[in-house]
Amino acid sequence: LSAVVTIVGDAGQLSTLITEDLRTKIKRLKVSGNITGPDILLIRQMCCALTYEEERKGVSHPFVGILSYLDLTDAVIVYDYSGRYDSLNQYFTEGNVIGDYMFRKSILETIYLPTMVKSISSGAFNGCPFLLDVHFTGPKVPDWNFDDKSRLDVYVPGDCMEQYEAKYGQYDGSNISIISGPDFGVVNETINVSVAGEAYSQLTNPEKTCSLKVKGTVNAWDMRRLGELVNNYFLAELDLSEASIVSSDGTVVDALNNQLNYDLRTLDVFVLPNSIKELSEDAMRYISYMGNFSVTANNPNFKYVDNVLYSADGKKLVYLNYNIRKEVFNIPEGTETIGCYALRFSNVDVVNCPSSLRTIENHGFDKNRADIINLNQGLQTLGDWCLAAINNLKTLEIPEGISKISNYAFSNSSIVKIKLPSTVSCIADNAFYYCPSLKAVEIKASKVPTIEKNTFRNVTVDNVTLYVGTGMKESYN
């Protein structure tokens, strides 16, 4: 049998729409509307999918389904922590995400993914021997590493082929074939906003706008509405280079702060207004998630060189594009400051800091992927969370001249051994918060530094050896 099911209103209704006597007979299924954990659990049962844990514990579905063709083009997966999509109640649905092991070990042969899908999680299609073709129906290219697929035809919207090839091209070859399918109907648009607050009303087709250049004046309300297009629809590229952001009184803003919002952080491309001179920490927190943050060649305040954004004078490193792979990143001489979130998520193996560097601002290396970070002599200031959540870095030496190890400086990292300089006089709260791999701390200081109460919070200190200078053991005890 074939079935078309449309869910109107709240998610979670699929089990009432597909009766028990039909669940073993439907081979082709199209589902539209909002779906959540219980809906997906039923679909998984119909196509015999098993998570890793379900298989390991010998879970059996209540019936044997034959579903091999699944069309979720018009379905929207909604967030629901309470509704789980597996028999062991371990996995919940996230918004527009094909979750962990969602269709693992299924008998699916063909699947049309939701137009709104933004990510395909680990093992989602692992061990699907019959799966031959996956159809992407939207312009946003989801993250996916294709699991262990040995052969797969991947159909993508014809007018989005370039974007899909850019992201999935490394897999395209003898096993994975990327094939042009029907166009999505992408809208790429330029608008000129004469009255701030009216940007959205000038769009010809907001729900299909993928690339947008805005000229004129915009305000926080415009930015909020554009963020809705990013989160709820398909806006992926936003160019504000020829726009001015104004405050509520109409004054042109030259420091980007709370005008950026949470929804805009998932933009693939964001081009900064030429009128912006400064970027606040809050703005950089959102920008750090963007795939490509850049400026035009004629921007008077910033320059973009070799996928790295600097201040116009080159003294501040503002942002490194995390999509660019670098084995070694030699920060150029003349750079004095690594800005807030500047190297967050950076895909590098080795970072070498120049002798000119004096300051690493808050979150400067936060979640960096480097194995080696060589800090320079002459460095003077470490911001809060400056080297936090770095999971590949095992050893680190803090250079002479640093007097304070800042709040949460190395928190949530995988660091094993660290050397602190003789100039250190204070190790602040939570500097080593949750560093489970920490084994050795070497302190060269001849005077015992101030160590705050929570410096080693959530660290098993009995497993950590403190190395101090000759004759200093008693003082440290």
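Note that this is a predicted model, so its numbers are computed, not measured.
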Nearest-0.5 Å distance that lies between atom CG in Asn392 and atom OG in Ser414: 6.5 Å
From CD1 (Ile338) to OG1 (Thr359), nearest 0.5 Å: 9.5 Å
Worked check of side chain to side chain contact (heavy atoms under 4.5 Å, CB included) between Val459 and Tyr433: CA-CA 7 Å; Val459 173; Tyr433 169 71; over 6 Å; no
Atom NZ of Lys326: over 12 foreign heavy atoms under 6.0 Å: yes
Heavy-atom neighbours of Lys419 NZ exceed 12 at 6.0 Å: no
Enclosure of Phe63 CZ (heavy-atom neighbours >12, cutoff 6.0 Å): yes
Residues Asp133, Arg151; criterion salt bridge (Lys or Arg N to Asp or Glu O under 4.0 Å); working and verdict: CA-CA 9 Å; Asp133 52 274; Arg151 183 191 177 283; over 6 Å; no
Gap between atom OH of Tyr319 and atom CG of Leu309 - 0.5 Å precision: 9.0 Å
Salt bridge Glu397-Lys444, side-chain N to carboxylate O under 4.0 Å: yes
Side-chain donor/acceptor of Asn407 to backbone N/O of Asp384, under 3.5 Å: no
Cation-aromatic face contact Lys208/Phe234, 6.0 Å, 45 degrees: no
For the student: nearest non-hydrogen atoms of Thr137 and Phe184, plus distance: O-CD1, 3.5 Å
Side chain to side chain contact (heavy atoms under 4.5 Å, CB included) against Ala370, all qualifying residues, sequence neighbours excluded: Val348, Val351, Asn368, Ile373
Test applied, side-chain contact (heavy atoms from CB on, under 4.5 Å); reference residue, Ile120; option that passes from Leu113, Val134, Val97, Asp100: Leu113
Step-by-step salt bridge (Lys or Arg N to Asp or Glu O under 4.0 Å) determination, Arg285 to Asp366: CA-CA 10 Å; Arg285 178 161 54 94; Asp366 183 15; over 6 Å; no
Would you tabulate the side-chain donor-acceptor contacts of residues 75-82 under 3.5 Å, counting partners in other chains and residues two or more places apart, or write 'none'?
from  : atom 1 : to    : atom 2 : distance (Å)
Asp80 : OD1    : Ser82 : N      : 3.1
Asp80 : OD1    : Ser82 : OG     : 2.8
Asp80 : OD1    : Gly83 : N      : 3.4
Asp80 : OD2    : Thr36 : OG1    : 3.1
Asp80 : OD2    : Gly83 : N      : 3.4
Tyr81 : OH     : Arg84 : NH2    : 3.4

Test side-chain hydrogen bond (donor to acceptor under 3.5 Å, both in side chains) applied to Lys417 - qualifying residues, sequence neighbours left out: none
Sidechain N-carboxylate O distance under 4.0 Å for Asp143, Lys118: no
Donor on one side chain, acceptor on other, Thr73 and Thr115, under 3.5 Å: no
Pairs meeting criterion salt bridge (charged side-chain N to carboxylate O under 4.0 Å, His left out) with involvement of residues 227-240, two or more places apart: Arg225-Glu228
Sole candidate of Asn374, Ile331, Leu375 that passes side-chain contact (heavy atoms from CB on, under 4.5 Å) when paired with Asn352: Asn374
Pair Arg369 + Asp371, salt bridge at N-O below 4.0 Å: no
Spacing of Ile26 atom CD1 and Ile66 atom CD1 [to the nearest 0.5 Å]: 9.0 Å
Trace of the side chain to side chain contact (heavy atoms under 4.5 Å, CB included) decision for Asn205 with Leu203: CA-CA 6 Å; Asn205 191 343; Leu203 298 173; over 6 Å; no
Partner residues of Arg23 under the side-chain hydrogen bond (donor to acceptor under 3.5 Å, both in side chains) criterion, sequence neighbours left out: none
Row check, Tyr69 ring normal vs Arg28 NZ/CZ: under 6.0 Å, within 45°: yes
Worked check of ring pair (Phe, Tyr, Trp, His ring centres under 6.0 Å) between Phe345 and Tyr289: CA-CA 8 Å; Phe345 306 125; Tyr289 286 95; 5.5 Å; yes
Heavy-atom donor-acceptor pair, Ser413 side chain to Ala388 backbone, under 3.5 Å: no
Parallel, tilted or perpendicular: ring planes of Phe293 versus Phe270, cut at 30 and 60 degrees: parallel
Note, Leu382 side chain near Ile405 side chain (heavy atom, < 4.5 Å): yes
Side chains of Glu189 and Thr204, donor plus acceptor under 3.5 Å: yes
Test item: side-chain donor near acceptor, Arg224 and Asn261, under 3.5 Å: no
Expected output: side-chain Lys57 to main-chain Leu88 donor-acceptor under 3.5 Å: no
Donor-acceptor under 3.5 Å (Asn321 side chain, Asn307 main chain): no
Asp10 atom CG, neighbour heavy-atom count above 12 within 6.0 Å: no
Interatomic distance, Leu108 atom CG to Cys48 atom SG [nearest 0.5 angstrom]: 9.0 Å
Asp183 side chain vs Gly185 backbone, donor-acceptor pair below 3.5 Å: no
Donor-acceptor contact below 3.5 Å, side chain Ser121 vs main chain Ile98: yes
Of all pairs that satisfy salt bridge (charged side-chain N to carboxylate O under 4.0 Å, His left out), the ones with a partner from residues 45-55, not counting sequence neighbours: Arg44-Glu54, Glu55-Arg104, Glu55-Lys105
Any donor-acceptor pair under 3.5 Å from Gln163 side chain to Val141 backbone: no
Gln259 side chain vs Asn257 backbone, donor-acceptor pair below 3.5 Å: yes
Heavy-atom pair with the smallest gap, counting every atom of Gly99 and Ala124: O-CB, 3.7 Å
Donor-acceptor pair between Tyr434 and Asn412 side chains, under 3.5 angstrom: no
Exam field: side chain Asn362 to backbone Cys386, donor-acceptor pair closer than 3.5 Å: no
Minimum heavy-atom distance Tyr200-Pro206, with the two atoms named: OH-CB, 3.7 Å
Pair Ser280, Asp282: side-chain N/O donor-acceptor within cut-off below 3.5 Å: no
Stepwise ring pair (Phe, Tyr, Trp, His ring centres under 6.0 Å) check, Tyr164 with Phe136: CA-CA 10 Å; Tyr164 276 87; Phe136 291 90; 5.5 Å; yes
